[in-house]
> 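Got a structure for you, questions after.
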Amino acid sequence: MSRGPSLQVRLLGLMFGVLAALWAATLALTLSDTRHELDELLDAHLAQSASLLLVQDADADEDVAAPDAPILHRYAPRVAFQVWRDGRLVLRSANAPALPFGPAARRDGFAFVDAPGARWRVFAAYDPARRRQVYVGERLDARGEILAAVLRGVSWPLALALPVLGLATWWTVRRGLAPLRRMGRTLAARRPDALDPVALDGMSAEMLPLAASLNGLLGRIADLLANERRFTADAAHELRTPVAAIRMQAQVAQAATDDATRAHALDGLLAGCDRAARLIDQLLTLARVESAQAPEMAGVELGGVTRGVMAELAPAALAKAQRLELDAQGTYVVRGNALLLAVLVRNLVDNAVRYAPPGAAIGVYLQREGDEVVLDVEDGGAGLADADLARLGERFYRVAGNGATGSGLGWSIVRRIAAVHGARVAVRRSQRLGGLAVTVTFG
């Protein structure tokens, strides 16, 4: 039997996967948002610097070229600017080119510019009153370095938090599954014959359905074992009678001194064997029916099944001069198992043949009442007293004073098959024939 991963491993795997996905999504969103905000901030800085260059030194003589602005900070080479007037460069930073820094066709706004050695983000501004053009640029790799520095400060706490969250998740899952492990240890320590319910006091709400289902299973197992013990005891008790009778007839035949006595004893021996064989056959049938949890169901024409069964039992009825009749006009389709339905009909008709007196009438009637199919098996015998009707169906119960052979298992088989098919069984006195009437209603 292949063994799947433990519930704890599955939960941890799912939660670690979710945490890793959330961590990656948080990092990606942080990167995107930080890049956007950083670009906005630095672009604003470029625009502000350009506006300052436009308005500064309004009284200076712009016909004389000013010297290049010195670089006073180690990060200064990453920013450059130019001031042009009437197509003449009047001021620039030391790292700015001598040619126009921005696109010639664009006097205002932002643009990306490829200059020797680097790619720049450039802002252009133009003052028409003073005919002054200003370019302020910043290297894109500098922005990348700033973004990386910011992300390092953000990602380190996230990276440190991930294993801490993983450890906390492992501890939480393990502690949360502790009641399940305790219940497993409790069940493993039980004796094989301990079928008392699992205590539900203090159990978590998530485990209550599992524990309730387990208690239901234990209860069904206890009932099954009780039924099996009772069935075994009753079967052993019932089998003792035909076995004793067979032994007695065998001893008589062995001790017989004349052919007539020996022949009579052998006839009794055969009758005892027949009774034992029938009892064993009914025991096996009942065991098969009770062990079948869900027999294969299909549409079965009950009239055809009944005709087949009555044809099998007709010789036994003729031997007792009984009149066997079937009234089934039409088609009666029920959902069920054909083999089990044949066993049900056979037991009902066989009981009527066995317990009805010689010359009695036995009638089998099929009719439809709305959406239900009704099967009636009636006989012209003496019927049963109310006390006997109340006990009818108990295993190995037989009506006192009846000379027919049998074990009382037929009714147990009938009721069990009816329950499997969702049918109802009712017993009453026959209004047609005066004896016993059994009604099976299929919904």
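Only a predicted model underlies this, so the values are computations on that prediction, with no experimental measurement involved. Only heavy atoms go into these numbers, but all of them, side chains included; no hydrogens, no water, no symmetry mates.
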> Between atom CD1 of I417 and atom CG of N347, what is the distance when rounded to the nearest 0.5 Å?
6.5 Å
> Drop me the distance from L436's CG to R429's CZ, to the nearest 0.5 angstrom.
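So the gap between those two atoms works out to 8.5 Å.
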> Check each of L313, V309, V345, V377 against D350 using the side chain to side chain contact (heavy atoms under 4.5 Å, CB included) test, and report the only one that passes.
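Of the listed options, the one satisfying the test is L313.
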> Would one find more than 12 heavy atoms of other residues, nucleotides or ligands at under 6.0 Å from atom CZ of R35?
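It does not: R35 CZ has 12 such atoms or fewer within range.
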> Identify, with sequence neighbours excluded, every residue that meets side-chain contact (heavy atoms from CB on, under 4.5 Å) alongside V333.
E301, T331
> Have a look at R85 and tell me which of V134, L91, V90 forms a side chain to side chain contact (heavy atoms under 4.5 Å, CB included) with it.
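Going through the options one by one, the only one that passes is V90.
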> My understanding is that only residues two or more places apart in sequence, or in another chain, count here; which of them pass salt bridge (charged side-chain N to carboxylate O under 4.0 Å, His left out) with R424?
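Salt bridge (charged side-chain N to carboxylate O under 4.0 Å, His left out) check on R424 returns E372.
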> Got a sec, which residues hit side-chain contact (heavy atoms from CB on, under 4.5 Å) with D371, two or more places apart in sequence or on another chain?
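Partners of D371 by the side-chain contact (heavy atoms from CB on, under 4.5 Å) criterion come out as none, since no residue qualifies.
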> Would you call the rings of F110 and F123 parallel, tilted or perpendicular if under 30° counts as parallel and over 60° as perpendicular?
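Rings of F110 and F123: tilted, 30 to 60°.
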> List the atom of L324, the atom of M310, and the distance in Å for their closest heavy-atom pair.
CG-CE, 3.5 Å
> List for me each residue that meets side-chain hydrogen bond (donor to acceptor under 3.5 Å, both in side chains) alongside T441, sequence neighbours excluded, and say none if there are none.
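Result, side-chain hydrogen bond (donor to acceptor under 3.5 Å, both in side chains) vs T441: none returned.
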> Can you name the residues that form a salt bridge (charged side-chain N to carboxylate O under 4.0 Å, His left out) with R185, not counting sequence neighbours?
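Once residues adjacent in sequence are excluded, R185 has no partner under the salt bridge (charged side-chain N to carboxylate O under 4.0 Å, His left out) criterion.
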> Does any part of the side chain of V122, heavy atoms only, come nearer than 4.5 Å to the side chain of V136, both counted from C-beta?
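Contact flag for V136/V122 side chains = no.
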> So, is the end of the R368 side chain (NZ or CZ) under 6.0 Å from the ring centre of Y332 and within 45° of the ring's axis?
no
> Taking side-chain hydrogen bond (donor to acceptor under 3.5 Å, both in side chains) as the definition, give me every residue that meets it alongside N215, ordered by chain and number, with sequence neighbours left out.
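N215: no side-chain hydrogen bond (donor to acceptor under 3.5 Å, both in side chains) contacts found.
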> Can you name the residues that form a side-chain contact (heavy atoms from CB on, under 4.5 Å) with R175, not counting sequence neighbours?
W171
> Which value, rounded to the nearest 0.5 Å, describes the distance between R174 atom CZ and T169 atom OG1?
15.0 Å
> Check V425 against A418 and note the closest heavy-atom contact, atom names and distance.
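Shortest heavy-atom separation between V425 and A418 comes out as CG2-CB, 3.5 Å.
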> Just jot down the salt bridge (charged side-chain N to carboxylate O under 4.0 Å, His left out) partners of R432, sequence neighbours excluded, or say none.
E378
> Do V364 and L375 have side chains that approach each other closer than 4.5 Å (heavy atoms only, starting at C-beta)?
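With C-beta onward as the side chain, the pair touches.
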> Does any non-hydrogen side-chain atom of W84 lie less than 4.5 Å from one of P100?
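Side-chain contact under 4.5 Å: yes.
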> Which heavy atom in N337 sits nearest to a heavy atom in H421, and how many Å separate them?
N-NE2, 3.0 Å
> Test of understanding: with salt bridge (charged side-chain N to carboxylate O under 4.0 Å, His left out), list the residues that count as partners of R119, not counting sequence neighbours.
D114
> Tell me, please, which residues at least two apart from D127 pass side-chain hydrogen bond (donor to acceptor under 3.5 Å, both in side chains).
none
> Can you name the residues that form a side-chain contact (heavy atoms from CB on, under 4.5 Å) with L217, not counting sequence neighbours?
R220, I221
> Could you check whether any side-chain heavy atom of L326 comes within less than 4.5 Å of a side-chain heavy atom of T306, counting everything from C-beta outward?
yes
> Report the distance from atom CD of E325 to atom CD1 of I362, rounding to the nearest 0.5 Å.
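If we round to the nearest 0.5 Å, E325:CD and I362:CD1 are 10.0 Å apart.
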> Is R190 salt-bridged to D196, cutoff N-O under 4.0 Å?
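Judged by the 4.0 Å cut-off on N to carboxylate O distance, R190 and D196 do form a salt bridge.
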> Among V374, V300, L302, find the one that has a side chain to side chain contact (heavy atoms under 4.5 Å, CB included) with F442.
L302
> Does D86 have any side-chain hydrogen bond (donor to acceptor under 3.5 Å, both in side chains) partners at least two apart in sequence or in another chain, and if so, which?
R131
> In Å and rounded to the nearest 0.5 Å, what is the CG to OG1 distance from L348 to T439?
10.0 Å
> Just verifying a value: how many Å separate D379 CG and N351 CG, rounded to the nearest 0.5 Å?
9.5 Å
> Any non-hydrogen side-chain atom of Q367 less than 4.5 Å from a side-chain atom of D376?
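SC-SC contact between Q367 and D376 confirmed.
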> Ignoring hydrogens, what is the shortest heavy-atom contact between W120 and L140? Give both atom names and the distance.
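Reported closest heavy-atom pair: C-CG, 4.3 Å.
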